[in-house]
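Position 1 is the first residue of the sequence, and the numbers go up from there. In what follows, every heavy atom counts, from backbone to side chain, and hydrogens, waters and symmetry copies are set aside.
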Amino acid sequence: QKRLYGCHFSCGAFTNLTPEHLDYHPDIESYYQAKKILFSQTEAAAINLSDPYGKRLFQELTAENSCSLLGYLSDTENIFLFADRCECDLVYHDQKEHAVLGLPGKFSVDNLMTAVSILVCSGFSFAQSVQAVCSCSGVPGRTEVCVSKNGITILRDYAHTPDSLEKVLSS
């Protein structure tokens with residue numbers, strides 16, 4: 001719909017490509033091409049290399065040399081999931097930080113990595129970026145951890161797409 005036409009961004013992020021918006025796009029390839037346009041308008045990009053389309057986008061943008069790139073990859077060996085949080089070890093070059101985020105679910109780790117990558121692309125140090133993201137408490141109603149008076153952990157989430165509903169329920 002060209003809603004961002006003419007806008008310039010310091011950093012863009014690519015997390016994944018799922019069929020949620022195929023009501024706007026005739027097919028998945030058209031949707032991918034529409035998402036790719038964003039990166040012709042950015043100085044830097046953080047790209048999830050765990051997603052096949054992210055891997056493809058990283059390769060295409062590398063060949064085009066259109067913006068600075070930072071790819072990130074989810075390593076499942078050092079991810080620890082709990083009912084009220086997730087923990088993981090993040091590595092950037094020769095630096096390692098242990099991250100504790102007060103949000104549950106593997107997708108929260110993916111979002112953590114995206115946010116840290118965006119901050120690093122924006123010029124913040126790796127350690128500062130991890131600390132800043134881990135200090136966030138989340139958004140009410142999005143994988144919100146609620147503990148009852150009886151000590152029962154309840155997750156409240158307003159997931160509204162098949163992909164987000166599946167991710168919340170599988171967590």
Side-chain angles (χ1 to χ4, degrees), residues 1-79 81 86 88-97 99 101 103 105-134 136 139 142-143 159-168 170-171:
Q1 295 177 339
K2 299 183 180 173
R3 287 184 248 173
L4 299 177
Y5 180 79
C7 294
H8 181 77
F9 301 94
S10 300
C11 186
F14 182 94
T15 55
N16 62 16
L17 188 67
T18 58
E20 262 78 47
H21 299 292
L22 290 183
D23 52 339
Y24 291 110
H25 305 279
D27 54 39
I28 200 81
E29 181 61 25
S30 299
Y31 185 25
Y32 170 79
Q33 292 300 330
K35 276 195 167 200
K36 184 179 175 186
I37 291 170
L38 170 69
F39 300 97
S40 65
Q41 299 168 228
T42 64
E43 292 176 28
I47 299 176
N48 180 4
L49 300 177
S50 300
D51 182 86
Y53 285 98
K55 202 178 287 187
R56 174 182 167 190
L57 180 64
F58 191 90
Q59 291 170 344
E60 291 176 6
L61 293 177
T62 298
E64 295 168 11
N65 199 24
S66 59
C67 63
S68 173
L69 299 173
L70 176 59
Y72 60 92
L73 190 60
S74 178
D75 175 5
T76 56
E77 287 184 24
N78 292 318
I79 295 175
L81 304 175
C86 59
C88 62
D89 292 326
L90 299 177
V91 178
Y92 176 69
H93 297 299
D94 61 346
Q95 303 169 64
K96 183 177 181 180
E97 295 286 333
L101 183 65
L103 299 169
K106 168 67 172 70
F107 60 91
S108 294
V109 174
D110 295 337
N111 292 336
L112 165 71
M113 288 190 292
T114 302
V116 168
S117 297
I118 289 170
L119 289 171
V120 169
C121 282
S122 299
F124 293 93
S125 77
F126 177 61
Q128 285 177 316
S129 300
V130 173
Q131 181 181 3
V133 175
C134 288
C136 295
V139 177
R142 297 306 313 259
T143 322
H160 61 282
T161 65
D163 183 57
S164 61
L165 185 59
E166 180 182 340
K167 286 179 179 174
V168 168
S170 69
S171 291

When you look at L49 and Y72, which way does the side chain to side chain contact (heavy atoms under 4.5 Å, CB included) test go after all the steps? CA-CA 6 Å; L49 300 177; Y72 60 92; over 6 Å; no

Nearest 0.5 Å, what's the CG-CZ distance between D51 and R56? 11.0 Å

Name all residues meeting the ring pair (Phe, Tyr, Trp, His ring centres under 6.0 Å) criterion together with F126; count only those two or more places apart in sequence or in a different chain, and write none if there are none. Y92

Residues in salt bridge (charged side-chain N to carboxylate O under 4.0 Å, His left out) with D110, at least two apart? K106

Side chain to side chain donor-acceptor pair (under 3.5 Å) contacts in which one or both residues fall within residues 116-126, not counting sequence neighbours: S125-Q128

From SG (C7) to CG (L38), nearest 0.5 Å: 10.0 Å

Do V91 and N78 come within less than 4.5 Å of each other through their side chains, counting heavy atoms only? no

Output for pair (M113 CE, L101 CG), nearest 0.5 Å, gives 11.5 Å

Any idea which heavy atoms bring V133 and A115 closest together, and the distance? CG2-CB, 3.7 Å

Any chance you could measure I47, atom CD1, to F39, atom CZ, to the nearest 0.5 Å? 5.5 Å

Residues two or more places apart in sequence or in another chain: which of them pass salt bridge (charged side-chain N to carboxylate O under 4.0 Å, His left out) with R142? D157

Please set out all donor-acceptor pairs under 3.5 angstrom arising from side-chain atoms of residues 62-71, sequence neighbours excluded.
from, atom 1, to, atom 2, distance (Å)
T62, OG1, F58, O, 2.7
E64, OE2, K36, NZ, 2.9

For atom CD of Q41, decide whether the heavy atoms of other residues, nucleotides or ligands shown that lie under 6.0 angstrom number more than 12. yes

Do N111 and T114 get their side chains close enough for a donor-acceptor pair, meaning under 3.5 Å? no

Is L112 close to C134 at the side-chain level, that is, under 4.5 Å between some pair of heavy atoms? yes

For residues C88 and I79, report the shortest heavy-atom separation together with the two atoms involved. CB-CG1, 4.0 Å

What's the separation between atom CZ in F14 and atom OG1 in T42, rounded to the nearest 0.5 Å? 13.0 Å

Could you list the residues that satisfy ring pair (Phe, Tyr, Trp, His ring centres under 6.0 Å) with Y32, not counting sequence neighbours? Y53

Please report the interatomic distance CD(Q33) to NE2(H25), rounded to the nearest 0.5 Å. 11.5 Å

Shortest non-hydrogen contact between C11 and A46, atoms and distance: SG-N, 4.3 Å

Please evaluate residues V109 and L81 with respect to the criterion side chain to side chain contact (heavy atoms under 4.5 Å, CB included), reporting the C-alpha separation (whole Å), side-chain torsions for both, the decisive distance (0.1 Å), and the verdict. CA-CA 9 Å; V109 174; L81 304 175; 4.3 Å; yes

For S50 and N16, what are the C-alpha separation, side-chain angles and deciding distance, and is it a side chain to side chain contact (heavy atoms under 4.5 Å, CB included)? CA-CA 8 Å; S50 300; N16 62 16; over 6 Å; no

Is K35 salt-bridged to E60, going by a charged N under 4.0 Å from an acidic O? no

What do the steps show when you test L57 against L17 for side chain to side chain contact (heavy atoms under 4.5 Å, CB included), and what is the final call? CA-CA 11 Å; L57 180 64; L17 188 67; over 6 Å; no

